[in-house]
2 protein chains.
Amino acid sequence: MAAQEQYEELARQLSAVAAVRRDLGRLLPPDCSPASAIVLAMVQKHGELRMSRLAELMAIDMSVTSRHVTYATEHGWLERHPDPADRRSRLLSLSPDGEELLREVSARYTQALAGCLQDWSDDDLGTLIGLLARLRTSFGDCRARPHQHLAHAAGAAVAG
Amino acid sequence: MAAQEQYEELARQLSAVAAVRRDLGRLLPPDCSPASAIVLAMVQKHGELRMSRLAELMAIDMSVTSRHVTYATEHGWLERHPDPADRRSRLLSLSPDGEELLREVSARYTQALAGCLQDWSDDDLGTLIGLLARLRTSFGDCRARPHQHLAHAAGAAVAG
DNA sequence: TATTGTTATACTCTATAACTATA
DNA sequence: TATAGTTATAGAGTATAACAATA
């Protein structure tokens, strides 16, 4: 159990790291939106995916996912195949152009991050990545559990 | 110096924690936008501020800062005073309503985070906060230094 | 009847550029 | 001439709701 001051500082830091995200986005090729880069990276990491699963992995609504996937498909980076097991569903996979784009993105990220994070050890970076993943899990579990701390806090704080 | 795989994972995690930020934003009162909450928290933490300093702290353009501050001022949470030392400048401070709003926001954040982060120790949370702050510093220093890794990576990766 | 995915609409956040006022 | 701040405009990302097709 942590102190209230820490919670407020966490909220501030989460807002602030958005600037880092925007900086990384500026490294991308002109027609590759940050959203496209994430979609492609997810498909590469997890293999053939359904829309709903991709939306879950990105923690955004499926309607938004659909737009991002349409964009990436129209640019020839992603392919949508019918799912033989369920004709409502579509399976996503990387095209050769998509794989090529990901190699380019990875090269840019690596060059930039190797420069900015010169004084970071593997351990420190690994710790940060691990804690970020854990934070997401804690929030995801919270949404899924019946207690629903996130949803209830709004009303309860007003009442109290 | 860390491995390329870690850099890619960091980029993915930074994208993913945006979902946590959105979740926190949903806790806010209806007319308090996430941006307002951040602006008020910054003024509370750092005391009386100039626009340019606030923009720097939030790592966003001053034009955006100006809009957020106007919104918060129109809602009576923030006050803009003339700066006696420089009449181009304006000094920002919290109003009593702004302080009240921040207390409410803090209560909601604390309740929600105490629920979601039950199994986090003070140490783990402190480590995460510290590493996030360090990450921002590393990126900020990188932008400020003459090497400009972030800006150059785009062109260099293409050429190489 | 429920679920998968798409589309239409509206809202928030951000950056660039043009502008005003002051240093 | 340079700097502090504002405003107009455009673009990206997201959520909600209504819809089509299939389970």
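Lettering follows sequence order; numbering is per chain, from 1.
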Between B:D123 and B:S121: side-chain donor-acceptor atoms closer than 3.5 Å: no
Trace of the salt bridge (charged side-chain N to carboxylate O under 4.0 Å, His left out) decision for B:E5 with B:R12: CA-CA 11 Å; B:E5 174 59 33; B:R12 280 192 294 266; 3.5 Å; yes
A:D124 vs A:L128 side-chain heavy atoms within contact, under 4.5 Å: no
Separation of D:dT6 P from B:D61 CG (nearest whole Å): 12 Å
Touch class at under 4.0 angstrom, heavy-atom based, for B:D86 against every strand present: sugar-phosphate
Separation of C:dT7 P from A:M62 CE (nearest whole Å): 13 Å
A:Y71 OH - D:dG11 P separation (whole Å): 12 Å
Same cluster (ILVMFWY, side-chain, under 4.5 Å), A:V64 and A:M42: yes
Sugar-phosphate only, base, or nothing, as touched by A:M51 at under 4.0 Å among non-hydrogen atoms: sugar-phosphate
Closest to side chain of B:I60, choosing from D:dG13, C:dT6, C:dA15: C:dA15
Atom-pair distance (CG on B:L28; P on C:dC11), nearest Å: 18 Å
Spacing of B:M58 atom CE relative to C:dT12 atom C1', expressed in whole Å: 13 Å
Length of the line joining B:E56:CD and C:dT14:P, which is rounded to integer Å: 16 Å
Presence of A:H68 side-chain N/O under 4.0 Å of D:dA12 phosphate oxygens OP1/OP2: no
Sidechain-backbone polar pair: B:E8 side chain, A:S106 backbone, donor-acceptor under 3.5 Å: no
Note: A:R136-A:E56 ion pair, threshold 4.0 Å (strictly below): no
Whole-Å gap separating P (D:dA23) and CZ (A:R50): 11 Å
base_contact_polar (D:dT3 base, B:R88 side chain, donor-acceptor, <3.5 Å): yes
Phosphate contact (C:dT3 OP1 or OP2) by A:S89 side-chain N/O below 4.0 Å: no
B:R67 side-chain N/O to C:dT12 phosphate OP1/OP2 under 4.0 Å: no
Options C:dT14, D:dG5, C:dT7, nucleotide nearest the side-chain atoms of A:T70: C:dT7
Sugar-phosphate, base or nothing in reach of B:R53, heavy atoms under 4.0 Å: nothing
Presence of A:R87 side-chain N/O under 4.0 Å of C:dT4 phosphate oxygens OP1/OP2: no
Touch class at under 4.0 angstrom, heavy-atom based, for B:R21 against every strand present: nothing
Minimum-distance nucleotide to A:R22 side chain [options: C:dT14, D:dT6, D:dA15]: C:dT14
C:dT14 phosphate, OP1 or OP2, under 4.0 Å from A:R26 side-chain N/O: no
A:S63 or A:S33, whichever maps to the more 5' nucleotide of DNA chain D: A:S33
Interatomic distance, A:R90 CZ vs D:dA21 P [rounded to whole Å]: 13 Å
